[in-house]
Chemist: 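Here's a structure for you.
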Amino acid sequence: MTLTAISWDDTAGRDGRGAVRLIDQTLLPGTVVDRVTDTTDDLVEAIAVLAVRGAPALGVAGAMGVVVAMDEGAREGWDEARIQAAVDRVRNARPTAVNLAWGVDQVRPLMGHGRDAVLAAARQLAGEDEAANRELSRLGADWLLARIDRPRLRLLTHCNTGSLATSAWGTALGVIRELHARDRIELVYADETRPLLQGARLTAFELEQDGIPHVVQVDGAAASTILRGLVDFAVVGADRIAANGDAANKIGTLGVALACRDAEIPFMVAAPWSTVDLSMADGSGIEIEERSGDEITSLGGVQVAPEGSAGFNPAFDVTPARLVDAVATERGVAEPRSGQDLWSIAP
Ligand SMILES: CSC[C@H]1O[C@H](OP(=O)(O)O)[C@H](O)[C@@H]1O
């Protein structure tokens, strides 16, 4: 089954001009249900509830969101200011992944040339993301195989970074797919990734689809799995990478990186260049999305913590460059821990 997290469907939508088609990831892995979106409100809500999620996929959502706002504005008779305000709502739907704003900003300058020009640019952006993912996966796999002397590798990954988080193939899970294609995977330890379980629900779903051997573990097992010597490296995605190599990613990533350093095994961040934010010298300025505490105090709609207990729910953390052995991008692999920042591979 080919999983396309998000695409533009020319046959969908109420005015015959098309709409965003996305897999509603809140329902996976139980059911694969498409959600068709031709209004800004619905797209913003889909982003907010993580029906569509993952930094590169959010980049595509941002770009296609500009087309949605233009088409909705044409249908509803909005003036330019209201259309631009709708575009801003898409751009600001989630703060941490740089890709959402980047996707909007890539196509926004074309609005004066009409919605077809914007749609063509959005589609091109999606295609370029897949190509980037496949190249960074090759480069990341090469880097790892050059440093780990073992017939087949055991690895740990956190959250979901596959086709469901991107336009296709994946970033960290793309590196895993590349290693699997070279018959170099022994076992993948997938962190379940509380509270929304992107690992247990989505990464395990993708690994099972691809026949990649894996186990799902609780996030709290990651450090002992690493320090017990059960894995040879960890590879994760990113939502925003600062120029020095500080990397924002799903909450729990920092603990994985700390354990890898203590165990002296490689910690790799895999991400397309669109996730690199060279305007940030370091990660201190990265806004961390704070989500509802209800996601912590209840599970599957069932209250698990006392009614009087509040949840603390930062959705991301920032791993400092001193813990990042490699950042694999389509432009090359930087080694922040060794002092090689992202400027070293910048175009
Ligand atoms: C391909 S990187 C995806 C990146 O985004 C995820 O966050 P979310 O599920 O909240 O969108 C997570 O941080 C992944 O590493």
Side-chain angles (χ1 to χ4, degrees), residues 3 5-6 22-26 28 46-62 93-103 126 129-130 132-134 136-137 140 156-177 190-206 219 222 234-241 246-257 267-277 283 286-292 295-296 313-319 324 327-330:
L3 294 170
I6 181 169
L22 55 89
I23 295 175
D24 185 340
Q25 299 188 32
T26 65
L28 290 176
I47 293 169
V49 301
L50 280 74
V52 58
R53 44 140 305 274
L58 291 177
V60 176
R94 291 182 75 195
T96 306
V98 64
N99 307 63
L100 180 55
W102 172 84
D129 178 65
E130 177 177 357
N133 294 338
R134 291 181 181 276
L136 74 88
S137 298
L156 183 148
T157 195
H158 192 75
C159 199
N160 172 255
T161 59
S163 301
L164 291 168
T166 65
S167 60
W169 188 250
T171 59
L173 211 159
V175 172
I176 296 167
R177 283 182 160 124
D191 286 352
E192 64 174 354
T193 315
R194 286 266 300 147
L196 299 182
L197 302 178
Q198 289 94 323
R201 293 187 304 112
L202 308 178
T203 294
F205 181 61
E206 293 199 54
D219 301 328
V235 60
V236 300
D239 293 83
R240 193 184 296 253
I241 304 170
D246 291 353
N249 196 52
K250 184 54 53 194
I251 191 74
T253 302
L254 175 55
V256 170
F267 175 81
M268 172 178 281
V269 173
W273 193 255
S274 56
T275 306
V276 175
D277 184 355
I286 297 176
E287 181 179 352
I288 300 299
E289 180 185 3
E290 292 277 345
R291 295 184 62 83
S292 166
E295 291 179 353
I296 305 295
N313 191 10
F316 300 96
D317 55 30
V318 178
T319 297
V324 181
V327 176
T329 79
E330 70 277 22

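In listed order, ligands and their atoms are each counted from 1. Treat the numbers as computed from the prediction; the structure is a model and nothing was measured.
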Chemist: Hey, could you give me the CZ/OG1 distance between F316 and T96, rounded to the nearest 0.5 Å?
Modeler: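 If I round to the nearest 0.5 Å, the distance is 4.5 Å.
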Chemist: Below 4.0 Å, non-hydrogen atoms only: which portion of K250 touches ligand 1? Side chain, backbone, both or neither.
Modeler: both
Chemist: I need the atoms of ligand 1 closer than 4.0 Å to a non-hydrogen atom of N160, numbered in the order shown.
Modeler: 3 (C), 14 (C)
Chemist: Would you say ligand 1 has an N or O under 3.5 Å from any N or O of R53?
Modeler: yes
Chemist: Can R240 and D277 be counted as an ion pair, charged N to O under 4.0 angstrom?
Modeler: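 Counted as a salt bridge, because a side-chain N and a carboxylate O are separated by less than 4.0 Å.
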Chemist: Can you see whether D191 engages T193 through a side-chain donor-acceptor pair at a distance of less than 3.5 angstrom?
Modeler: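 There is no such pair (donor and acceptor under 3.5 Å, judged by atom type) between the side chains of D191 and T193.
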Chemist: Atoms of ligand 1 less than 4.0 Å from R94 heavy atoms?
Modeler: 8 (P), 10 (O), 11 (O)
Chemist: Would you mind running through ligand 1 and noting each atom that sits below 4.0 Å from a heavy atom of G54?
Modeler: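 Going through ligand 1 atom by atom, the ones under 4.0 Å from G54 are 3 (C), 5 (O), 11 (O).
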Chemist: Against heavy atoms of A165, which atoms of ligand 1 measure under 4.0 Å?
Modeler: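 That gives atoms 1 (C), 3 (C) of ligand 1.
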Chemist: Could you identify the single nearest non-hydrogen protein atom to atom 1 (C) of ligand 1 and state the distance to 0.1 Å?
Modeler: T171 OG1, 3.2 Å
Chemist: What residue and heavy atom of the protein are closest to atom 2 (S) of ligand 1, and at what distance?
Modeler: A238 O, 3.6 Å
Chemist: Under 3.5 Å between some N or O of ligand 1 and some N or O of D239?
Modeler: yes
Chemist: Locate the shortest heavy-atom distance separating A270 from V235; write the atom from each residue and the value.
Modeler: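 Minimum heavy-atom contact is CB-CG2, 4.2 Å.
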Chemist: What protein heavy atom is closest to atom 12 (C) of ligand 1, reported as residue, atom name and distance in Å?
Modeler: C159 SG, 3.4 Å
Chemist: For ligand 1, is there an atom lying under 4.0 Å from some heavy atom of V236?
Modeler: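 It does not; every heavy atom stays at 4.0 Å or beyond.
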Chemist: Taking the side chain as C-beta and beyond, is there a heavy-atom pair between L28 and L164 under 4.5 Å?
Modeler: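 Yes, at least one pair of side-chain atoms sits under 4.5 Å.
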Chemist: N313 and side-chain hydrogen bond (donor to acceptor under 3.5 Å, both in side chains): which partner among R291, E295, R194, E289?
Modeler: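 Of R291, E295, R194, E289, side-chain hydrogen bond (donor to acceptor under 3.5 Å, both in side chains) with N313 is met by E295 alone.
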Chemist: Regarding N133 and T171, do their side chains bring together a donor and an acceptor under 3.5 Å, going by distance alone?
Modeler: no
Chemist: I need the minimum non-hydrogen distance between D129 and A168, along with the two atoms involved.
Modeler: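 Smallest interatomic distance, heavy atoms only, reads OD2-N, 4.4 Å.
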Chemist: Taking distance alone, with N or O pairs closer than 3.5 Å, would you say T166 contacts ligand 1?
Modeler: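 No; the residue has no nitrogen or oxygen that sits under 3.5 Å from a nitrogen or oxygen of the ligand.
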Chemist: Among all protein heavy atoms in this structure, tell me which lies nearest to atom 15 (O) of ligand 1, with the distance rounded to 0.1 Å.
Modeler: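 Protein heavy atom at minimum distance: N249 OD1, 2.5 Å.
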Chemist: Tell me yes or no: between the side chains of N160 and R201, is some donor less than 3.5 Å from an acceptor?
Modeler: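 Side-chain D/A pair, N160 to R201: absent.
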Chemist: What part of P56, side chain from CB on, backbone N/CA/C/O, both or neither, has a heavy atom under 4.0 Å from ligand 1?
Modeler: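 Only the side chain of P56 comes within reach of ligand 1.
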